[in-house]
Each structure stands twice: as structure tokens, then as C-alpha cells.
Amino acid sequence: MNLLKQSTLSIIVLTLSLTGCKTPQKEESFVEKSEKAHEKEIFNNQEAVQFDIKIEFGGTERMDATMTLLTNSSKGLIEFKNGSKIIYNKDQVFYSPDVPSEKSVRFDAYTWAYFFMFPNKMSDGGTIWNPYENPATNKEQFETQKLTFESGIGDAPDDWYVVYSNTETHLIEQLAYIVTAKSKKEEAEKEPHGIQYKDFQTVNGIPIATKWQFCSWNEKDEFGETIGNANLSNIKFISVEPDTFTPGKDFKTI
């Protein structure tokens with residue numbers, strides 16, 4: 001065998017060997033698919049997002065405000081229509097004395113921002129994901145997993161979420177959750193709630209739900225009676241001013 005033929009044969013053998021040993025591509029996880037669908041990378045490349053939000057429960061207005069949030073979720077501002085403000089800076093919360101409800105300041109500071117940011121916070125440190133068996137009749141429409149948190153994460157590490165991702169788009173369309181900020185986990189689990197994210201609009205290439213429908217929820221019957229609604233409008237990505245998240249001299253802290 002001459003040198004050229006020997007070299008050609010060696011290349012063919014080596015190529016077949018490498019092809020046979022090729023590592024199978026890793027399947028994307030539940031979180032990875034959803035974060036990609038929600039364009040997390042594009043979202044994180046923006047500095048801040050701003051939108052108007054109106055929330056009502058039981059026919060009563062709960063909030064009418066403009067929210068400004070850094071996309072890394074470290075700082076946020078809620079500015080109510082009467083000019084009062086709530087500001088959070090990591091784990092610190094500041095608020096003007098004329099806020100609509102002083103007793104719910106800390107809840108308002110973090111909860112609505114988290115519901116908005118949820119698709120971009122799924123792989124945050126301290127998140128724990130486990131399979132969840134969805135018993136619903138429309139279970140083919142959704143992939144579901146349960147989110148819990150490591151001890152000491154956030155204001156309410158005992159909170160949990162059942163997360164529903166559309167099997168075709170991988171967008172997060174539904175959440176079930178408990179809130180333990182004002183009660184023990186055992187009490188909160190007696191009355192879990194749900195959110196259905198609807199009317200997605202694309203802003204700067206990012207799908208954002210403009211309507212949130214709050215419902216009752218239980219493991220057997222899942223999403224039940226509507227108890228509230230939130231409507232988002234004027235959604236835009238912005239650059240913030242140096243004093244955007246600076247509290248006034250008369251602000252209180254909690």
C-alpha cells in the first residue's frame with residue numbers, strides 16, 4: 001500500500017471512530033426551555049423595564065401605579081398615581097408616608113415585581129426544581145414542575161410554585177403559589193392561589209403577558225374561580241437616572 005492510500009485510509013478510520021464516539025446532545029431542561037422562550041438573554045441585556053399596572057381583587061382596586069424595575073431585579077420603584085412611592089434596593093424597602101397601604105408595603109415591593117420577572121428568575125441561586133404530576137384533563141397542553149427554595153432565600157423561603165409551561169411555545173402561562181409572608185406555611189397551603197398569564201405582547205423581541213388572571217387553585221381541580229385581575233400597559237425598556245431609586249428624605253423604611 002502506498003503512502004497516499006495509507007494516509008487516506010487512516011483519515012477515514014479516524015473519522016468513523018470520532019463519529020461513533022460523538023457525545024449525545026444534552027436535552028434542554030424545563031427551566032432552560034422556558035428561559036429561552038422568554039428571551040432571557042435579550043431581557044438581561046436591557047437596563048430596566050417600565051410599565052403601568054392596574055390590579056383589582058373582588059372588584060376593588062388594589063393598585064394603580066407605574067413600576068420601574070432593573071432587569072437584574074436588584075432595584076425597583078412603584079410610583080402610585082397620587083405620587084407616593086415604594087422603592088426596594090435588594091433587601092431594603094423605602095416608602096413615602098402617603099402610600100395607599102402602609103401595612104402591605106413590603107409585600108407590594110416584591111410580590112408584583114416577582115410575578116412579572118418570574119420567567120427570568122427561574123434559575124436564580126437557591127431555586128429547587130422537581131417534577132410535578134399534573135392531574136388536569138388538559139395536561140397534554142402543559143409541562144409542569146414544582147419550584148421550592150433553599151432555606152434563607154428571599155423574604156419567604158417557604159413559598160412554593162407549581163409552574164405550567166406551554167408544551168409548544170414553552171412560555172410560562174400559569175402559576176400556582178402560596179404566600180407565607182404573613183402566615184405559616186401550613187396556613188398558606190389551605191388556600192393556594194393561581195395566576196394565568198394571558199395576552200402576550202412582544203416588546204423588543206421579548207414576549208410579555210399583559211393580562212394576569214388571579215384564581216383559586218387546588219391540586220385536584222386546579223384553576224377555579226377568578227378572584228382578581230392585573231392589566232399591564234405602556235411596557236418599555238429604558239435607561240434609568242442616577243436618582244431613580246433614591247428615597248426622599250421623608251421616606252420610611254421597613
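All values derive from a computational prediction rather than experimental measurement. We use all heavy atoms of the structure for the numbers below, so side chains are in, but hydrogens, waters and symmetry mates are not. Residue numbers start at 1 and run along the sequence shown.
In this structure, His38 contributes its side chain and Asn120 its backbone to no donor-acceptor pair below 3.5 Å. Judged purely by atom type and a 3.5 angstrom limit, Glu56 uses its side chain to pair as donor or acceptor with the backbone of Gly59. Distance alone, capped at 3.5 Å, is enough to place a donor-acceptor pair between the Thr71 side chain and the Gln46 backbone. Checked by atom type and distance alone, the side chain of Thr111 pairs as donor or acceptor with a backbone atom of Phe107 at under 3.5 Å. For the pair Thr253 (side chain) and Val93 (backbone), a donor-acceptor distance under 3.5 Å is present. Between the side chain of Thr167 and the backbone N or O of Glu140 there is at least one donor-acceptor pair closer than 3.5 Å. For Asp158 (side chain) and Thr180 (main-chain N/O), no donor-acceptor pair under 3.5 Å exists by modelled atom type.
Among all heavy-atom pairs drawn from Glu39 and Ile206, the shortest one is CB-CG1, 4.1 Å. Of all the heavy atoms in Ser96 and Phe251, the pair that sits closest is CB-CE1, 3.6 Å. The two residues Val49 and Phe43 come nearest to each other via the heavy atoms CG1-CZ, 4.4 Å. Across all non-hydrogen atoms, the minimal contact from Asp108 to Ile86 is CB-CD1, 4.0 Å. Across every non-hydrogen atom of Ser84 and Pro100, the tightest pair is OG-CD, 3.6 Å. Between Ala37 and Leu171, the closest heavy-atom pair is O-CD2, 3.7 Å.
Here the side chains of Ser34 and Met122 are in contact, with some heavy-atom distance below 4.5 Å. Side-chain contact between Thr127 and Leu147: present, with at least one pair of heavy atoms (C-beta onward) separated by less than 4.5 Å. When side chains are defined from C-beta on, Lys146 does not count as touching Tyr161, because their heavy atoms never get closer than 4.5 Å. The shortest distance between side-chain heavy atoms of Leu232 and Trp212 falls below 4.5 Å. For the pair Phe142 and Gln174, the minimum side-chain heavy-atom distance is below 4.5 Å. The shortest side-chain heavy-atom distance between Leu70 and Lys75 falls under the 4.5 Å cut-off. A heavy-atom distance below 4.5 Å is found between the side chains of Pro97 and Asp250. Glu225 is not listed as a side-chain neighbour of Cys215, based on a closest heavy-atom distance of 4.5 Å or more.
Partners of Asn44 according to the side chain to side chain contact (heavy atoms under 4.5 Å, CB included) rule, which considers only residues two or more places apart in sequence or in another chain, are Lys40.
When the shell of 6.0 Å around CD of Glu47 is examined, it contains more than 12 heavy atoms from other residues, nucleotides or ligands. Atom NZ of Lys121 sits in a crowded spot, with more than 12 heavy atoms from other residues, nucleotides or ligands closer than 6.0 Å.
To the nearest 0.5 Å, atom CG of residue Asn166 and atom CD of residue Glu168 are 6.0 Å apart. Taking CD from Glu133 and CD from Glu219, the interatomic distance works out to 11.5 Å, rounded to the nearest 0.5 Å. Taken from NE2 in His193 to OG in Ser216, the straight-line distance is 7.5 Å, to the nearest 0.5 Å. Thr210 OG1 to Ile208 CD1: the interatomic distance, rounded to the nearest 0.5 Å, is 9.5 Å.
Note: the hydrophobic cluster containing Tyr114 also contains Ile235 (ILVMFWY, side chain heavy atoms under 4.5 Å, direct or indirect links). Note: the hydrophobic cluster containing Phe237 does not contain Phe245 (ILVMFWY, side chain heavy atoms under 4.5 Å, direct or indirect links). Cluster annotation: Phe57 and Tyr177 are assigned to the same hydrophobic cluster (Ile/Leu/Val/Met/Phe/Trp/Tyr, side-chain heavy-atom contacts under 4.5 Å, transitive). By the rule that hydrophobic residues join a cluster once side-chain heavy atoms approach within less than 4.5 Å of another member, Ile128 and Leu175 end up as members of separate clusters.
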TODO: Please assess Lys211 against Phe200 for the test side chain to side chain contact (heavy atoms under 4.5 Å, CB included), listing each intermediate value before the final yes or no.
DONE: CA-CA 8 Å; Lys211 295 186 184 299; Phe200 282 85; over 6 Å; no
TODO: Could you walk me through whether Ile78 and Met63 pass the side chain to side chain contact (heavy atoms under 4.5 Å, CB included) test, one step at a time?
DONE: CA-CA 10 Å; Ile78 303 173; Met63 177 179 287; 4.3 Å; yes
Task: Worked verdict on Phe94 versus Ile254 for side chain to side chain contact (heavy atoms under 4.5 Å, CB included) - done: CA-CA 7 Å; Phe94 308 90; Ile254 187 171; over 6 Å; no
Open item on the list: side chain to side chain contact (heavy atoms under 4.5 Å, CB included) for Met67 and Ile53? Distances and angles first, verdict last.
Closed with: CA-CA 7 Å; Met67 297 190 71; Ile53 182 168; 3.8 Å; yes
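Between Phe116 and Tyr197, the gap from one ring centroid to the other reaches at least 6.0 Å. Annotation: Trp160 is not in aromatic contact with Phe149 [ring centroid separation under 6.0 Å not met]. Aromatic ring centroids of Phe223 and Tyr164 lie under 6.0 Å apart. Proximity of the aromatic rings of Phe30 and Trp129 is defined here by a centroid distance below 6.0 angstrom, and this criterion is met.
Residues Glu173 and Ser165 bring no donor and acceptor atom of their side chains to less than 3.5 Å of each other. A donor and an acceptor atom, one from each side chain of Gln50 and Thr68, are located under 3.5 Å apart. In this structure, a donor-acceptor pair under 3.5 Å is absent between the side chains of Lys54 and Asn231.
Just one residue in the list Leu69, Thr246, Ile87, Thr66 forms a side-chain contact (heavy atoms from CB on, under 4.5 Å) with Leu77, and that residue is Ile87. Here the rule is side chain to side chain donor-acceptor pair (under 3.5 Å) with Gln213, and of Thr226, Asn229, Asp199 only Thr226 fits it.
Aromatic ring orientation, Phe115 versus Phe214: tilted (interplanar angle from 30° to 60°).
With respect to the salt-bridge test (charged N to carboxylate O, under 4.0 angstrom), the residues Glu28 and Lys36 qualify. Using a cutoff of 4.0 Å between basic side-chain nitrogens and carboxylate oxygens, Lys184 and Glu187 are not scored as salt-bridged. A salt bridge between Lys33 and Glu143 is present, with a side-chain N of the basic residue lying under 4.0 Å from a carboxylate O of the acidic one.
Residue pairs meeting the salt bridge (charged side-chain N to carboxylate O under 4.0 Å, His left out) criterion with at least one member in residues 77-102, sequence neighbours excluded, are Glu102-Lys252.
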